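A short write-up of the structure that comes next.
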Number of protein chains: 2
Amino acid sequence: MPNMKHIAKMAGVSLGTVSHVINNSARVSEPLRQRVLEAVDALHYQPSALARGLRRDKTNMIGMVIPDVTNPFFPAVVRGAEDTAFANGYRLVLCNTDNSHAKEMEHLEQLRTYLPAGLIIIPSSFGKLSEEVESFRRSGAAVVFLDRMPRNWKGDSVTVSNNDGAFRAVQYLIQLGHKRIACITGPLHLPNAQERLAGYKRGLKLAGIPILEDYVRKSTFDRVGGYNDALALLRLRNRPTAIFAQNDLMAMGTLLAIRELKLRCPQDVSVIGFDDLDVTELMDPPLASIRQPGYQLGSTAVQMLLDRVNVDEVRAAPGQHRVLGTELRIRESVAPPNATIGGKQPTR
Amino acid sequence: MPNMKHIAKMAGVSLGTVSHVINNSARVSEPLRQRVLEAVDALHYQPSALARGLRRDKTNMIGMVIPDVTNPFFPAVVRGAEDTAFANGYRLVLCNTDNSHAKEMEHLEQLRTYLPAGLIIIPSSFGKLSEEVESFRRSGAAVVFLDRMPRNWKGDSVTVSNNDGAFRAVQYLIQLGHKRIACITGPLHLPNAQERLAGYKRGLKLAGIPILEDYVRKSTFDRVGGYNDALALLRLRNRPTAIFAQNDLMAMGTLLAIRELKLRCPQDVSVIGFDDLDVTELMDPPLASIRQPGYQLGSTAVQMLLDRVNVDEVRAAPGQHRVLGTELRIRESVAPPNATIGGKQPTR
DNA sequence: ATTACATTTTGAAAGCTTTCAATTACTCCA
DNA sequence: TGGAGTAATTGAAAGCTTTCAAAATGTAAT
C-alpha cells in the first residue's frame, strides 16, 4: 500500500506539501499541486485512517450503541444514521447491548480507544453510563442520546413525543366508547416507557376514568413480554375492552394471546401498539399503532452530532433537545367495544 | 488519556516491558509484571486501538457490507455476526450498499484504510467487486462471502441451500394438487435468486409439469416488487393457483395484491415465501415460508473469518464453502387448489 | 543591487504502540 | 572468584500522518 512518502518522492516534493494538498491546509502553487494530485491518482493512494486518526486525535467513525438490531424498530433508525453518516464521509460502528449495562459499558470503553468523532446512544441503563459518556464528551467526542435520555443530560438528544402519542391513542379509544383500557408498559426505568405511561394516565384522567392498578402491567419490550402480560390482562375478572401496548412487538404478543384465548380482535378486545412497524398493515387484524419516524430519528441524531463536531470547540453551544412528532395510525385492530353482535361478553 | 509512557514511568519500567506485559509477548518477572498491572489499573489505561492497528498492520474491526438493514431478513444476520465478533473482542462496522455497485466500492475503499481484520460481504454486484475484494485479501484481510457468492470465488463463504429449499416448497405445492405454480424471483444476477429459480424448475420438471414463461416473473427483493409482479400474475388469463415468492417481503406484496384483487388466500391462491421472518405467523393469513437461519449465517461467517485470522499466514488453507440447511414451514397461506366451495374459478 | 516583506516549501517532531537487537542481570559451575 | 550461558529488560526504530517553526524563494521598493 502506497503512503505519503511514495507520493512525495514521485511528485518530487516534501511530505508537508503532500499533506497540504490532500487536506487543503495551506496554499500550494498550482504546478506542485498538480504533480501531487497526479501521483495520488497514479498510485491509487488513500491516506491511512489509522495514522490520521492517531495524529488528529479523532477519526471519522461514529459509535452507534443500541439495544438490539433484531427489534424491528431499530433497523430504520440505524439506516437513517448510517445514510447521513456515509453521506458526510463518516462510518458507523454498530454495538448491540441487549439492554445489559455491562455490555453497554464494555462497548463504550472499547469504542473510546478508537477516538470516534462521536457516539449515538440508545441507552438501557443510566447512572454509571452517564459518567462514562460525560468523560467521552470531555475527551472531545460528540454525544447524542436517541429515543431515551438520562434524566439530567445536558447535551444533545433526539426523542419522540411519547407522552403525546400515548395520550392521543388513549383519547381515541375513549372516543370510541372504551372505558376499560389497559396498558402494557416497557421496563419503567426507561424514560420512553415512563412517558408513554404518563400519556396513558393523562388520557384517562382527562376523561374522568379512574386508573386501575390491575390494568397497568409492567413488561418487557418484546413479543413474549406482551404475550404474557396480555394473557394476564385477558384473564382478569373485569377484562379490559382495549389494550394499549407500548410497542408493536408487545402488541403482536397481545394479538397472539387474544387468539390463544379464543377471543377476537377487535370485537372482544381492541389493540393498539406503538412504533408502526412496516408489517402492521399485513397482520391479522391490521394493527393500529402510533407512528414513530425511525429513519428520521437516526438521521437527525447524526446530523446533530456532525454539527457539533464541525462547530469545533464551541463547546459552549448549549445542548439541543429535539423532539420529533408521532402520529396515530388507525387500523382494524381497534373498534368500539362489543362492536358486533356475538362478541363474547366479559365474564362479569 | 493515559498512554504507555505514563504506565512505564509509574511502574518504573521501560516501554518494552509494559508492552510485553499487556500482550503477554515475552516473559516478564513477577514483580515487574505486578507493578505494571497495578499502574494500568490505577490509571485506567487502555491501549490506543489506532496506534496498535498502525503498528500491527491490522485492527480488530470487521467490515460488514450488506444491502440494507431495513430488509427484515438482515438484522438477524447482523446480530449473529456482531455477537460472535464481540465475544472475540472484535467490532463491526456496518455498511449499507442499497444494492448499488458504486456504494459497495466506496465502502470497501474506505474500509481498507482502517486495516480491518476482515470483511463480511453480502454482495450485490460482481466483476469489479471481486477484484477489489481479492486485493483486500492479498493485503492480509480475511474475507467471507455471505448468502451470495461470486461465481469463481476461491475463498470462504457461507450460504444456505437455496436450491433445495425452493425445490421442497414446490414439491409440497405439487403434492397438494397444484399444477399452475408461479414464481416471483429476485434479480437474476444474484446467485441466490438463480438457485431458488433452479430449485423451482427442478421441482416442476420432476413432476412433469411444463415450465411456463409467463409464470416466472423477474422482480426485486422487496414488497413493491412482489406486489407488482403478483398483480401481473393474478391477471393472467390462466391464473396460477399457487405463487412461490423468493423472499418473504415479496410474499407480503403478493398477499397485498391478492387482497387488492378481492381474491382470497389460500382459497384462490396459495402463497409461499422464503426467509421465514418472525412476523410471518402473525400475518393474514399466516405465511408459509422456507426458513433460513439468519443468525447462524452471520455468526458462522464471523467464526470462519476469525479462524482464518488466527491461523495466521497459513494462507494455504483452502477456502471453505459452508452451506446451512433450510426448512419448510407450512402455514395457512397454502392449501389445495380450490380448497373451498365458492373459491373463484380462474377466468379460463 | 540591496533590503524588506510576503509567499511557498521543507523537515522534523509528535502522536502511541510493537518488535528486535542489544544490554543488563542472574544462575551455575569450575 | 571468574566465566559461560540463560533469562529478563531496555531503547530505539518503524508504522503514517499532521503541524509548526524555520528555510527558501519570490516580489517590490529604494
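Each chain gets a letter, A, B and so on, in the order the sequences are listed, and its residues count up from 1. Note: hydrogens, waters and symmetry copies are ignored here, and every other heavy atom, side chains too, is used. Because the structure is predicted, anything quoted here is derived from the model rather than measured.
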Does any non-hydrogen side-chain atom of [Y] lie less than 4.5 Å from one of [X]?
X	Y	result
A:Val65	A:Ile122	no
A:Leu305	A:Ile120	yes
A:Leu190	A:Phe126	yes

Expected output is a numbered-order residue list: members of [range] with a heavy atom under 4.0 Å from any atom of DNA chain C. What is it?
range	value
residues 12-19 of chain B	B:Gly16, B:Ser19
residues 111-118 of chain B	none
residues 24-33 of chain A	A:Arg27, A:Val28, A:Ser29, A:Leu32

field: Position toward the 5' end of DNA chain D (nearest nucleotide), A:His20 or A:Met1
entry: A:Met1
Judged by modelled atom types alone, do [X] and [Y] share a side-chain donor-acceptor pair under 3.5 Å?
X	Y	result
B:Thr17	B:Ser14	yes
B:Gln34	B:Glu30	yes
A:Asp147	A:Asn192	yes
B:Ser125	B:Glu104	yes

- prompt: Mind checking which nucleotides bracket the chain B contacts on DNA chain C, 5' to 3', with an atom under 4.0 Å from a heavy atom?
  reply: C:dC16 to C:dC20
field: Residues A:Glu134, A:Arg137: salt bridge by 4.0 Å N-O rule
entry: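 Salt bridge between A:Glu134 and A:Arg137, a charged N being under 4.0 Å from a carboxylate O: yes.
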message: One thing to verify: whether A:Glu132 and A:Arg112 come together as a salt bridge, which I'm taking to mean a side-chain N less than 4.0 angstrom from a carboxylate O.
response: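 Yes.
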message: With a 3.5 Å distance limit and no angle check, can you tell me whether A:Asn60 reaches the backbone of A:Gly89 through a side-chain donor-acceptor pair?
response: yes
Pairing residues for A:Gln296 by the side chain to side chain contact (heavy atoms under 4.5 Å, CB included) criterion, not counting sequence neighbours: A:Pro293, A:Thr300, A:Leu324
- prompt: Which residue pairs satisfy the side-chain hydrogen bond (donor to acceptor under 3.5 Å, both in side chains) criterion with at least one member in residues 2-12 of chain A, sequence neighbours excluded?
  reply: A:Asn3-A:His6
- request: With heavy atoms under 4.0 Å as the rule, sort A:Asn23 into base, sugar-phosphate or nothing.
  value: sugar-phosphate
Cation-pi check, B:Arg79 onto B:Tyr295 ring (under 6.0 Å, within 45° of axis): no
